Every structure is written in structure tokens, then in C-alpha cells.
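Please read the structure below before turning to the comments.
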Amino acid sequence: MMQIFDSVTKTKRPFEPINPNEASIYVCGPTVYDDAHLGHARSALAFDLLRRTLEALGFKVTMGKNFTDIDDKIIKKVEATGKSMQEITGYYIDRYLEEMAALGVRRADIEPKATESLDAITAMIQTLIDKDYAYIVSNGDVYFDTSKDAHYGEISHKVHDDDENLSRVTHNSQKRNPKDFALWKACKGEEDICFETPFSSGRPGWHIECSAMIEAHFQGTDEYSIDIHGGGADLLFPHHENEAAQSRCATGHELAKYWMHNGFVQIDGEKMSKSLGNSFFLKDALKVYDGEVLRYYLNSVHYRNDFNFNEEDLQTAKKRLDKLYRLKKRVLPGKGSVVNNSFKEKLLEAMADDLNISVALSVIDEMIASANERLDKNPKNKALKKETIANIAFIDELLGFGGKEPFSYFQIGVDETLKEKIEALIAQRSEAKKNKDFTTSDAIRDELTAMGIAIMDTAEGTVWEKA
RNA sequence: GGAACCAUCGCCAAGUUGGUAAGGCCGCAGCCUGCAAAGCUGCUAUUCGCCGGUUCGAGUCCGGCUGGUUCCUCCA
């Protein structure tokens, strides 16, 4: 039984989907005005793990992740660069998908964009106006009236207004209540990007697009539109609170049965932010580190915890992944047989417990140690080799790592010229070793070490790895 | 100012319903090796930020304190 920590009730709850054996998930995607950073990666990775786990447990998963492609920041970028909105958003969407693919994140089944969902957005706003949950002010802006929703605040538990807060958000608006938020922003000038609607010419507010897209793309039931709504911890308020309110008032039922939020990424103990100058863009990380190693590292801490990114821990994570690939080298070539049942069950049990990745990784480490031990005792254990191949394939399917050909894994970043040089040196060393000329063979090994190449002598000959 | 979360070995990090501390990295000893590396074996927290309380028994529950982070404003 899958257990999910629901951020609204703040408890682990058994996952009982609204439709038997199916799971509908909607995750808030990026606003596409800039490159994705490690925080985007972590969120994408966390929900990729959720999706894979649910699928492994037998659920038919439908995953949606949106692209916010109308937004103040995008408009600013249009003004700053002179490029069209489509050029900008198209570029960053492509980059996002490319970079997430490098991390092994599977594409969502539904990837709606705000610009392609204007009918649904307009319809939902019109419904809210008709039902008197929303109002139009003189300049054409449309606001949601939070005082009309008795359940407003129940998602984030932020019910009470204190005077301090009121003074911060009230001014400069024709809002009826301080917490009311914009569903639709009317055109302010020629520079604006505007769409025609019955209420005014303008563009959607941030929160409404998710609600509208969920209604447009998911079936839902009388009680809920989707099973799980996810996103970064910062989205809980106001974004998800507002989404929940709009959907509740427009549809008459709750938006999601479970709400999940992932923790933040910090860099060397500090919040990642532009003002601190320590934003770590994924594209830069991928220049230095292999995508699979990054995936392993970013997923190695439970999704709800804050994640402190640093080089040292990443190298430690790589060492752990290396061990899996070294085992894979020992058991290949050959075809996999059947996954060890107890191993599979332990892995699934760990992941079913609100994605307990730490336990899952320890189960894998124990499998690796056990297989190595038995292989030491009996290097020709074919059945074990075949089972291990199957075990690793299962890890790749469930957790998304371990799928590469092991020799190429250890040779990432080594070009053909260098490779030939390394292999020539190894051949020379083998020759020297054969002649018991250990002075020469050790000198060659030192030379390889200086090149960042580690070698190891095995029964099948000398193999090498890029350190 | 209001609210939430977190604090476990040198480092990273599990530990729902209280019952006597997973796993990885590092380190030490050994096996293997020409020597290494890799792999394997063994060792490495009587203790879970601090102080009280509840209990036969608490890392796990309650109260207080200290430290860190986050949200309340665009944000994964």
C-alpha cells in the first residue's frame, strides 16, 4: 500500500485513488522566462520518482505538468530583448525538456501551456463571475473574492489576517478583501500582451491557469479533479491555496485528494537566489557533472527535506553509483533472468512509504555487497549474474539509474584519442608485467593516475575508469 | 510581527503507531594482489542540540530553551 505525506493534513495517508488502479498527478511546471536551476531539477526529479513508483506498484499513471508561458517576467524579457514572446518561451521550454531528459526525467503525458488553454481559463473565470465568486473592477481586472469561499485558507492553514500583513498587500488596488487575487489582468498599455474575452482584454493571472488546465485535461470525479497535486514547498501559499479556492468554487468539488510539496535546494548552506549570486543553473551543472550522477545525487535525500548541494556530497554520491556499475561490469555480458523477489519487494516497500529513497538505496547497497561476496566465492555463478542483471534493470526502471553500459559509464568525458592512448599504455604495462618488469609497469600506472585514470587488474585483464 | 518545518557517528543520511540507533563516504585492521586498485571480512554513536516532564521503558510523546531553514511578496 502506497503511503503519501499529504501537506494539507500533514500526515502520511494511504493512497486511495479516486479511480481504482489509476493515479492522476498534476505538478506545477516552470515559468519559462529563464534557464532551469537545481531547484526545478529537484522538483521534477521528486515527482518523476513518484510517478515511477506508482507505475511499479501497478497504477496507471497520468501525469500533467504545465508551462507557464504568459507572465509578467516573460513580458519584461520581451521588452528587454526585443524578441517575441513565442521565441522566448519556446526556447526555454526546449531547454527545460532537454535538461530534464539529461536527468532521466520522463516526459509528462500532458504538457499544457497557458497560451493554449485560454478557452478553458476564460470559461472558468466566467463561471466564477457568474457564480458571484469573482468580480470585475473598473480597469477590467477580475479578482477572486476570497471572502465568499468558506474554505479559503484550509490548504495552507493561513486563515487569520494580521494587521501587519494587511498593510503590506492592501494598497494600490480596488480589491474588496486584502487576500483577493487576480484571475485576469486587464491590458495596461500598448506593450502588454492581450487576449480578448467577454470581461476585458488582458491576460490570465498566475493561479487560474493550473486550475483551468486541470479541469480541461483530467476527468475527475464528483469529489476531486485529480489524485495528487504537487510542486515546490513555496507554492503552498498563495499559489495552491488560490488554485484550490478557484477550483472548489467553480466546480463544486475539491481540486486534489493529496497535496505534495518538495523541499528546497540550497547551495553550500545558503538559499539559492539571484540576489546572492549563487543560482546554480542546470545547464551549468550538466557541463561539469554527468546527468545520471546528478539525478542520483539530487534524489538521494528525501524529497521533503531541504537539500544542501555541495561538490563533496556529489562526489560521495558518485562513488555510491560507481559501485553499482562496477557490479554491472562483473555480471555482463549476458541476459537478465528474473528479479530477485525479496529484493524487489524491499525496494518497493521502501518507495511505497512516501518515497523513502534512503532505505531504497540501502537495499541496493546490500544487494551489491551480497552479489559481490557471492561472486568472489564463485566467479562463474551464471544464475546469480543473470539475476543481478535483472535486478539492476529493475533499479533503472524504478529509480532511473544504472541503465547505462558500464564501460561507457566509466569513460564519460574521455574522447577517442585519449582512449586509444590509455589502451596503448595499458597494453605496454601488461607486457612489462608479463616480463616481471614492475618498475616499468608501475611507472605506466603512475602516468595513467596522473591522467586521472584508475586501473584495476582483474581475472579478465586490466580495466580502467576515469576517476 | 505572525506561522510552519528541522536539529541522529568526522561528513551525508534512515529511523509512522514509544521497547533499546539502517545504509553510504571517510578512517583502522585483515584477506586478495608482484605492489596497488577494485571486491570481501571485521572494527568505528551506551548515544540521538540543551533542560525538564509523562512512562516499567523515549531519538521517537508533552513543555521550555538554543540553533538552522522556510512561508506570510514573484519563486521549484
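The analysis underlying the following values was restricted to heavy atoms, covering all of them including side chains, and did not include hydrogens, waters or symmetry mates. Since the structure is predicted, the reported quantities are computational estimates derived from the model, not experimental observations. First the proteins, then the strands, lettered A, B, ... as listed; each starts at 1.
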Scan A/Ala369 against the nucleic acid and name what it touches under 4.0 Å (heavy atoms): base, sugar-phosphate only, or nothing.
sugar-phosphate
A/Glu98 vs A/Arg95, salt bridge (Lys or Arg N to Asp or Glu O under 4.0 Å): CA-CA, chis, key distance, verdict:
CA-CA 5 Å; A/Glu98 236 170 64; A/Arg95 290 292 81 72; 2.9 Å; yes
Given A/Lys319 and A/Asp322, is the salt bridge (Lys or Arg N to Asp or Glu O under 4.0 Å) satisfied, shown in steps?
CA-CA 5 Å; A/Lys319 284 181 190 171; A/Asp322 287 351; over 6 Å; no
Does A/Ser441 reach a base, just sugar-phosphate, or nothing at all? Heavy atoms under 4.0 Å.
base
A/Tyr152 and A/Phe144 aromatic ring geometry - parallel, tilted or perpendicular at 30°/60° bounds:
tilted
Measuring only the C1' atom in each nucleotide, how far is B/rU66 from B/rG30? A whole number of Å is fine.
45 Å
Which of B/rC12, B/rG34, B/rA14 is nearest the side chain of A/His302? It is B/rA14
Do NZ/NE/NH1/NH2 and the carboxylate oxygens of A/Arg429 and A/Asp457 come within less than 4.0 Å?
yes
Taking the minimum atom-to-atom distance to the side chain of A/Ser362, which one of B/rC12, B/rA76, B/rA22 wins?
B/rA22
Is A/Lys377 touching bases, backbone alone, or none of the nucleic acid, heavy atoms closer than 4.0 Å?
nothing
Heavy atoms under 4.0 Å, any strand shown: does A/Asp365 hit a base, just sugar-phosphate, or nothing?
sugar-phosphate
RNA chain B: 5'-proximal contact among A/Ser43 and A/Thr458 (nearest heavy atom)
A/Thr458
With a non-hydrogen cut-off below 4.0 angstrom, is A/Arg374 in contact with a base, only sugar-phosphate, or nothing?
nothing
Counting any heavy atom closer than 4.0 Å, what does A/Lys73 reach on the DNA or RNA strands: base, sugar-phosphate only, or nothing?
base
Does OP1 or OP2 of B/rG39 have a side-chain N or O of A/Arg326 closer than 4.0 Å?
yes
Parallel, tilted or perpendicular for A/Trp259 and A/His261, by the 30°/60° rule?
parallel
For the pair A/Asp354 and A/Arg304, find out whether any cationic side-chain nitrogen is under 4.0 Å from an anionic carboxylate oxygen.
yes
Taking the side chain of A/Met456 as heavy atoms from C-beta outward, which of B/rC72, B/rA37, B/rG23 is closest to it?
B/rA37
Interatomic distance, A/Gln266 CD vs B/rG68 C1' [rounded to whole Å]:
9 Å
Nearest to the side chain of A/Val359, which nucleotide is it out of B/rG24, B/rG39, B/rA14?
B/rA14
Can you tell me, in whole Å, how much space there is between the C1' of B/rU8 and that of B/rA22?
12 Å
If I pick the P atom on B/rG59 and the same atom on B/rU69, what distance separates them, to the nearest angstrom?
28 Å
Using a 4.0 Å heavy-atom cut-off across all strands, classify A/Gly232 as base, sugar-phosphate, or nothing.
sugar-phosphate
Between the base of B/rC5 and the side chain of A/Arg304, is one N or O donor paired with an acceptor at under 3.5 angstrom?
no
Parallel under 30°, tilted from 30 to 60°, perpendicular over 60°: which one fits the rings of A/Tyr325 and A/Phe410?
perpendicular
B/rC43 - base-pair partner by Watson-Crick or wobble geometry, distances under 3.5 Å
B/rG27
Assert: residue with more 5' nearest nucleotide on RNA chain B, out of A/Asp457 and A/Asp306, is A/Asp457
Please report, rounded to the nearest Å, how far the C1' atom of B/rC11 is from the CZ atom of A/Arg320.
13 Å
Which nucleotide sits closest to the side chain of A/Thr31: B/rA76, B/rG34, B/rU69?
B/rA76
Between A/Ser211 and A/Ser247, is there a side-chain donor-acceptor contact under 3.5 Å, judged purely by atom types and distance?
yes
Mind checking A/Phe237 for me? I need base, sugar-phosphate or nothing, with any heavy atom below 4.0 Å counting as a touch.
sugar-phosphate
Which base sits across from B/rU69 as a Watson-Crick or G-U pair, both distances under 3.5 Å?
B/rA4
Of all the nucleotides listed (B/rA36, B/rU41, B/rC25), which has the minimum atom distance to the side chain of A/Lys323?
B/rC25
Which whole number of Å gives the distance between the P atom of B/rG42 and that of B/rG24?
11 Å
What nucleic acid atoms does A/Glu366 come within less than 4.0 Å of, heavy atoms only: base, sugar-phosphate, or nothing?
sugar-phosphate
Same-atom distance (P) from B/rG53 to B/rA58, integer angstrom:
12 Å
Using the six-membered ring wherever Trp is involved, compare the ring planes of A/His239 and A/His207 and label them parallel, tilted or perpendicular (cut-offs 30° and 60°).
tilted
Do any side-chain nitrogens or oxygens of A/Asn356 fall under 4.0 Å of OP1 or OP2 in B/rG15?
yes
Inter-nucleotide P distance (B/rG15, B/rG2), Å rounded
32 Å
Rounded to whole angstroms, how far apart are CG on A/Asp354 and P on B/rA14?
12 Å
Ranking B/rC25, B/rG39, B/rA76 by distance to the side chain of A/Lys319, first place goes to B/rC25
Hunt down the Watson-Crick or G-U wobble partner of B/rU33, both distances under 3.5 Å, from any strand shown, or write none.
none
Measuring only the P atom in each nucleotide, how far is B/rU46 from B/rC51? A whole number of Å is fine.
16 Å
Taking only side-chain N and O atoms of A/Lys65, does any of them lie within less than 4.0 angstrom of OP1 or OP2 on B/rA76?
no
For atom CZ of A/Arg445 and atom P of B/rA37, their distance in whole Å
8 Å
State the pairing partner of B/rU55; accept Watson-Crick or G-U wobble contacts with both distances under 3.5 Å, and report none otherwise.
none
What's A/Val265 touching, base or sugar-phosphate or nothing? Going by heavy atoms closer than 4.0 Å.
base
Strand partner of B/rA21, provided both Watson-Crick or wobble distances fall under 3.5 Å:
none
How is A/Leu235 classified with respect to the nucleic acid when contacts are heavy atoms under 4.0 Å: base, sugar-phosphate, or nothing?
sugar-phosphate
Nearest of B/rA14, B/rG39, B/rG34 to any side-chain atom of A/Val301?
B/rA14
Is the phosphate of B/rC40 approached by A/Asn372 (side-chain N or O, under 4.0 Å from OP1 or OP2)?
yes
Ignoring backbone atoms, establish whether A/Lys329 has a side-chain N or O less than 4.0 Å from OP1 or OP2 of B/rG39.
no
Closest approach to the side chain of A/Lys10, judged atom by atom: which nucleotide of B/rA14, B/rG34, B/rA4 is it?
B/rA4
P atoms of B/rC50 and B/rU60, separation to the nearest Å:
11 Å
Base, sugar-phosphate or nothing for A/His239? Non-hydrogen atoms, less than 4.0 Å.
nothing
